Every structure is written in C-alpha cells, then in structure tokens.
> 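Would you mind keeping the following structure in view while I ask a few things?
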Amino acid sequence: MEMNENNKIILFDGVCNLCNSSVQYVIKRDKSNAYRFAALQSEIGKKLVEERGIDTSQIDSIILIEPGVAYYTKSTAALKIAQSFGGVWQLTSVFEWIPEKIRDWVYDYIAKNRYKWYGKKDACMIPTPELKSKFL
C-alpha cells in the first residue's frame with residue numbers, strides 16, 4: 001500500500017456495479033494520484049469506518065476520508081470528489097447551494113436502487129496489478 005499524508009481515501013461498496021464503475025471513473029481522472037480506495041466490506045474499510053464511528057447501516061455507499069481533516073458522506077463526498085478533477089467539474093460546486101438534506105435524499109434514492117438498476121457482484125472487485133497500489 002503506497003500512501004502518504006496527502007492521500008484521500010474513498011470507501012465504496014465493493015459488490016456494487018455502479019460503485020465499482022465510479023471508482024474506475026475516479027481513477028482515470030485522478031491525475032494528481034490523490035486517492036486511495038478500499039471496499040467498505042474489506043478489513044481496512046471496516047477499521048476506518050469503526051475508527052470514525054460511522055454507522056454503515058445508515059451510510060452504505062460512499063465515504064470520502066481526508067485523514068487528519070474530516071470525512072464526508074453521500075452527496076457531499078461525491079461533490080468533493082468531482083470538484084477535485086478540476087476544469088468543468090468545478091461547476092458541480094453549484095450543487096452545494098442545494099441543502100444537504102435534499103441532495104442526500106436524491107443520493108439515497110439512487111443508492112437504494114443501485115443493485116436493481118446496475119446489478120451486484122458476488123464478491124468485491126479485485127484490482128488489476130497496475131491499480132493495486134491505489135487500493136488499501
């Protein structure tokens with residue numbers, strides 16, 4: 001595991017096809033190599049969630065951890081990740097004007113239906129050898 005104090009950690013549902021596609025999308029756009037990834041179901045994922053006292057029965061999709069700073073969940077995590085890509089992605093900051101409760105309602109609706117709409121794997125994604133250093 002290659003990680004430094006500047007790396008941010010994205011915890012994701014390792015069996016969700018939408019989540020796995022999203023991780024691949026982030027990896028392609030992570031030009032500064034800022035992110036590391038772990039499935040919520042993995043040992044390190046469980047440890048990181050437990051250390052922060054996060055109830056995964058309430059938040060079971062995406063968590064963005066900025067070590068030593070804060071952690072973000074649901075729509076706020078997605079927006080922070082998108083904005084980090086720079087360029088036109090900075091425009092996603094306008095969604096932060098929408099109250100978090102409303103953004104999270106939309107996020108939760110998608111999360112609740114993600115297996116039905118996008119499918120589910122039997123096991124967590126196994127990263128390719130080239131991507132292994134990005135996963136905890």
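Quantities reported herein were computed from a predicted structural model and do not represent experimental measurements.
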> With a 4.5 Å limit on heavy-atom distance, are the side chains of Cys19 and Asn17 in contact?
no

> Is NZ or CZ of Arg29 both nearer than 6.0 Å to the six-membered ring centre of Tyr25 and within 45° of the ring axis?
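Yes, Arg29 sits over the ring of Tyr25.
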
> Applying salt bridge (Lys or Arg N to Asp or Glu O under 4.0 Å), name anything that partners Asp104, two or more places apart in sequence or on another chain.
none

> What's the spacing between Asn113 CG and Asp108 CG if we round to 0.5 Å?
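Answer for the CG-CG pair, Asn113 versus Asp108, is 11.0 Å.
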
> Any donor and acceptor pair, going by atom type alone, linking the side chain of Lys31 with main-chain N or O of Lys28 inside 3.5 Å?
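Yes: the side chain of Lys31 pairs with the backbone of Lys28.
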
> Can you list every ring pair (Phe, Tyr, Trp, His ring centres under 6.0 Å) pair that touches residues 28-57, not counting sequence neighbours?
Phe37-Phe135

> Does any N or O in the side chain of Asp13 come within less than 3.5 Å of the main-chain N or O of Leu40, such that one atom is a donor and the other an acceptor?
no

> Would you mind listing the cluster partners of Trp117? Hydrophobic ones only (ILVMFWY), side-chain contacts under 4.5 Å, chaining allowed.
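Trp117 clusters with Leu18, Trp105, Val106, Tyr109, Ile110, Tyr118.
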
> Kindly list each side-chain donor-acceptor pair under 3.5 angstrom involving residues 64-73, sequence neighbours excluded, with atom names and distances?
none

> Going from NZ on Lys80 to CD1 on Ile10, what distance comes out if it is rounded to the nearest 0.5 angstrom?
13.5 Å

> Sequence neighbours left out, what passes side-chain contact (heavy atoms from CB on, under 4.5 Å) with Glu51? Give chain and number order.
Lys47, Leu48

> To the nearest 0.5 Å, what is the distance between NZ on Lys46 and CD on Gln41?
8.0 Å

> Can you name the closest pair of heavy atoms from Ile62 and Ala77 and give their distance?
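For Ile62 and Ala77, the tightest heavy-atom pair comes out as CG2-CB, 4.2 Å.
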
> What is the minimum heavy-atom distance between Arg114 and Ala111, and which atoms define it?
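Looking at all heavy atoms of both residues, the closest pair is NH1-O, 2.7 Å.
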
> If every non-hydrogen atom of Ser42 is compared with every non-hydrogen atom of Gly45, which pair is closest and at what distance?
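Looks like OG-N, 3.0 Å.
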
> Among all residues two or more places apart in sequence or in another chain, which pass the side-chain contact (heavy atoms from CB on, under 4.5 Å) test with Thr92?
Leu79, Ala82, Gln83, Trp89, Phe95

> Nearest 0.5 Å please: distance from the NZ atom of Lys74 over to the NZ atom of Lys101.
10.5 Å

